[in-house]
Visitor: 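The structure's right below; bear with me while I get my questions together.
Small disclaimer: the values here were computed from a predicted structure and weren't measured. Keep in mind that the numbers below use all heavy atoms, side chains included, and drop hydrogens, waters and symmetry copies. Count residues from 1 along the sequence.
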Amino acid sequence: MRSNAAAVREDRRRKKYRYVDRSFILLLLTIFQFLSCLPVVFEGGQFYATNALCFFGYTVFEWLYVAVMHFAFKKVNFELEFIAFFLSGIGMTLTASVSKSGHIKQLAAVIIGVVVYDILLWFLQDVKRVMAVRLPLAVFALCFLAGSFVFIRFAGSAINGAYNWLVIGGKLSVQPSEFVKIAFIFVGAASLDKLLTSKNIYLYIAFAIGCIGVLFLMRDFGTALIFFFTFLVIAFMRSGDIRSLLFICAGALLGAVLIIYFKPYVAQRFAAYRHVWDNYDTSGYQQVRTLIYSVSGGLKGLGVGNGRLRYVAAASTDLVFGMVCEEFGMIVAFAIVIAFAIITVYAIRTSRSAPSTFYSIAACSAAAMLLFQTCLNIFGITDILPLTGVTLPFVSQGGSSMICSWALFAFIKAADVRTYPKVFKIA
């Protein structure tokens, strides 16, 4: 009887913590990426060895990473990593098709992002360690963001009217706000992990206001909106007080109205919203071209390198979803949308059984940040929402965005009890 009961419990445990077939998923990823990169490797009938080596290295890195993590570190759950590799591969292919060296930088960013992801996962397994560094990290993040703004502002290196890019050596550009996103989730979840106290609330609110305020000074309104939305998610998860959140939103709306009144250039940034067809050759140029070229791809796409959106400014960054629709087709575009939906569902499901409130808050807020940023990007280029210029996580060209996206995945993965089997006694 006891053996039968133990067998039933083991069967239930396996069903609850079921795993995907690693080799099969990796094989599918490899086939998809191989077919995707062929037009880039044999562009115009000419063989490009650099592109071939880059994509071959990316494939080898995927297989080596999973093999090392499984056999050396006994990891068994790779769902998030597979999604990240899938999205990053699409981004690398599009970047390679529009830039001679951009895909090499993108590959380097993926490798750095994975390293940051694993280091952060290791650090997050000890909640006491997390609590010990939350205040120093908050101070450092705020000082880093403010210091970057001051440096960029007085160096006179604004890009498209915004002061959100640090240019190093004339070649390397870094977006400080992307790295502060990591600290924002970290500090928020750690500060509100315990029962709410006035000190914790006021400190985190001050930190959030400071970050959002500096982002407004940088004129990085899209990222400021992402931070504010994430703040609401974190606050709601810990308090559940909808009335207080509505009061905060009302105050934020009043502040936005005052900013627009006293700073008219803010309103000018969004003047084309819902009027892109009236300004198809001026302020609505990018969105109109994106809408036209996106639908021309149909279900299967025109093929990598055959699209016309690539000749529009910011095609591989802010407008990259339009490139996906045109060159990969609507099937792959929908797969990207579904991937982010899966990430959100995964975060919610794992947060229910997370061993600490910290993991639950961190996972859900990180997933909410990624999902909201995705919505701003996709709905912005289609004129459903104002175009804010935010990137599509993992897919858009940009090292800062890539590294940040991998780091945010660490918060989601940390909530899964399978991630730390020895710590949480699951395996």
Side-chain angles (χ1 to χ4, degrees), residues 20 22-43 48 50-67 69 78-117 297 300-307 310 315-317 320-340 342-343 370 374 377 391-399 401-409:
V20 297
R22 295 174 295 276
S23 300
F24 178 69
I25 298 298
L26 275 174
L27 181 60
L28 289 180
L29 273 176
T30 301
I31 294 172
F32 173 76
Q33 290 164 358
F34 173 76
L35 295 175
S36 299
C37 75
L38 281 179
V40 178
V41 174
F42 295 96
E43 185 177 353
Y48 288 87
T50 303
N51 293 351
L53 287 173
C54 182
F55 283 98
F56 177 74
Y58 181 66
T59 302
V60 171
F61 176 74
E62 291 175 330
W63 282 86
L64 280 178
Y65 176 80
V66 174
M69 288 295 111
F78 293 95
E79 297 90 343
L80 288 180
E81 289 89 338
F82 290 148
I83 291 175
F85 284 137
F86 166 69
L87 297 173
S88 301
I90 293 174
M92 279 187 57
T93 302
L94 293 176
T95 301
S97 70
V98 299
S99 174
K100 293 182 179 180
S101 60
H103 57 298
I104 300 175
K105 296 179 181 178
Q106 204 74 351
L107 175 59
V110 170
I111 296 174
I112 295 172
V114 171
V115 172
V116 172
Y117 167 80
K300 299 180 181 179
L302 301 178
V304 175
N306 296 326
R310 62 180 50 253
S316 60
T317 53
V320 73
F321 188 75
M323 280 192 69
V324 173
C325 294
E326 184 184 18
E327 301 191 7
F328 277 95
M330 289 296 178
I331 295 177
V332 175
F334 282 128
I336 291 176
V337 174
I338 293 172
F340 284 103
I342 292 173
I343 293 167
L370 288 168
T374 301
N377 178 275
T391 57
L392 183 61
F394 293 105
V395 183
S396 290
Q397 180 181 358
S401 176
M402 179 66 73
I403 295 170
C404 171
S405 299
W406 273 100
L408 291 179
F409 260 26

Visitor: Closer than 3.5 angstrom, by distance alone: can the side chain of Q33 be matched with the main-chain N or O of F56 as a donor-acceptor pair?
Guide: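 No, Q33 side chain to F56 backbone: no donor-acceptor pair under 3.5 Å.
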
Visitor: Can you tell me how far apart CD1 (I342) and CZ (F82) are? Round to the nearest 0.5 Å.
Guide: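 Interatomic distance, I342 CD1 to F82 CZ, rounded to 0.5 Å: 13.5 Å.
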
Visitor: With sequence neighbours left out, write down each residue that passes side chain to side chain contact (heavy atoms under 4.5 Å, CB included) with L64, or none if nothing qualifies.
Guide: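 Side chain to side chain contact (heavy atoms under 4.5 Å, CB included) list for L64, sorted by chain: V60.
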
Visitor: Is any side-chain heavy atom of L107 closer than 4.5 Å to one of M92?
Guide: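 Counting from C-beta outward, M92 and L107 do come under 4.5 Å.
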
Visitor: Going through the checks in order, is the side-chain contact (heavy atoms from CB on, under 4.5 Å) test met by Y65 and L26?
Guide: CA-CA 11 Å; Y65 176 80; L26 275 174; over 6 Å; no

Visitor: Within the distance-only criterion (no hydrogens, no angle test), does the side chain of R22 pair as donor or acceptor with the backbone N or O of V66 below 3.5 angstrom?
Guide: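 Here the side-chain-to-backbone pair does not exist.
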
Visitor: Give, for atom CD1 of I90 and atom SG of C37, the distance between the pair rounded to the nearest 0.5 Å.
Guide: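 Reported to 0.5 Å precision, the distance equals 13.0 Å.
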
Visitor: Would you say the side chain of T30 lies within less than 4.5 Å of the side chain of W63, judging by non-hydrogen atoms?
Guide: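 Yes, side chains in contact.
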
Visitor: So E81 and Y117, do their side chains get closer than 4.5 Å, heavy atoms only?
Guide: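 Result yes, sub-4.5 Å side-chain heavy-atom pair found.
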
Visitor: Do the side chain of T95 and the main chain of G91 share a donor and acceptor less than 3.5 angstrom apart?
Guide: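 Pair found, side chain donor or acceptor close to backbone of G91.
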
Visitor: Could you give the distance from CE (M323) to OG (S97), rounded to the nearest 0.5 Å?
Guide: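 Separation between the atoms: 4.5 Å.
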
Visitor: For the residue pair G398 and Q106, what are the closest heavy atoms and their distance?
Guide: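 Residues G398 and Q106, closest heavy atoms: N-OE1, 3.2 Å.
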
Visitor: Checking F409 now: which residues fulfil ring pair (Phe, Tyr, Trp, His ring centres under 6.0 Å) with it, not counting sequence neighbours?
Guide: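 Ring pair (Phe, Tyr, Trp, His ring centres under 6.0 Å) check on F409 returns F394.
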
Visitor: If I compare all heavy atoms of G307 with all of E327, which pair ends up nearest, and what's the gap?
Guide: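 Heavy atoms of G307 and E327 come nearest at N-OE2, 3.4 Å.
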
Visitor: At their closest point, which heavy atom of V40 faces which heavy atom of Y48, and how far apart are they?
Guide: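 Here V40 and Y48 meet closest at O-CD1, 4.0 Å.
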
Visitor: Kindly say whether F55 contributes a backbone atom to a donor-acceptor pair with the side chain of T59 at under 3.5 angstrom?
Guide: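 Checked: pair present.
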
Visitor: Over all heavy atoms of both residues, which pair between F328 and S36 is shortest? Give the atoms and the distance, please.
Guide: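 F328 and S36 have their closest heavy atoms at CE2-OG, 3.5 Å.
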
Visitor: Taking atom OG of S396 and atom CG of N377, what is their separation to the nearest 0.5 Å?
Guide: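 Between S396 OG and N377 CG, I get 5.5 Å after rounding to 0.5 Å.
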
Visitor: Below 4.5 Å, heavy atoms only, C-beta onward: do F78 and I25 meet side chain to side chain?
Guide: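 Sidechains of I25 and F78: no contact.
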
Visitor: Evaluate the criterion side chain to side chain donor-acceptor pair (under 3.5 Å) for residue pair T391 and S401; output intermediate values, then yes/no.
Guide: CA-CA 7 Å; T391 57; S401 176; 3.0 Å; yes

Visitor: Just how far is it from atom SG of C404 to atom CG of L370, taken to the nearest 0.5 Å?
Guide: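 Between C404 SG and L370 CG, I get 7.5 Å after rounding to 0.5 Å.
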
Visitor: Could you tell me whether the side chain of E326 and the main chain of G301 form a donor-acceptor pair under 3.5 Å?
Guide: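 The answer is no, because no donor-acceptor pair under 3.5 Å joins these two groups.
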
Visitor: If you look at every heavy atom in V110 and S88, which pair is closest and at what distance?
Guide: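 For V110 versus S88, the nearest heavy atoms are CG2-CB, 4.1 Å.
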
Visitor: Using every non-hydrogen atom in the two residues, find where L87 and V395 come nearest and quote the distance to one decimal.
Guide: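 Smallest interatomic distance, heavy atoms only, reads O-CG2, 3.9 Å.
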
Visitor: Give a yes or no on whether the ring-centroid distance for F85 and W406 is below 6.0 angstrom.
Guide: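 Yes, ring centres under 6.0 Å apart.
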
Visitor: Kindly determine whether V320 and Q397 satisfy side-chain contact (heavy atoms from CB on, under 4.5 Å), including the steps that lead there.
Guide: CA-CA 8 Å; V320 73; Q397 180 181 358; over 6 Å; no

Visitor: If you round to the nearest 0.5 Å, how far is CD1 of I343 from CD1 of I83?
Guide: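 Answer rounded to 0.5 Å: 5.0 Å.
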
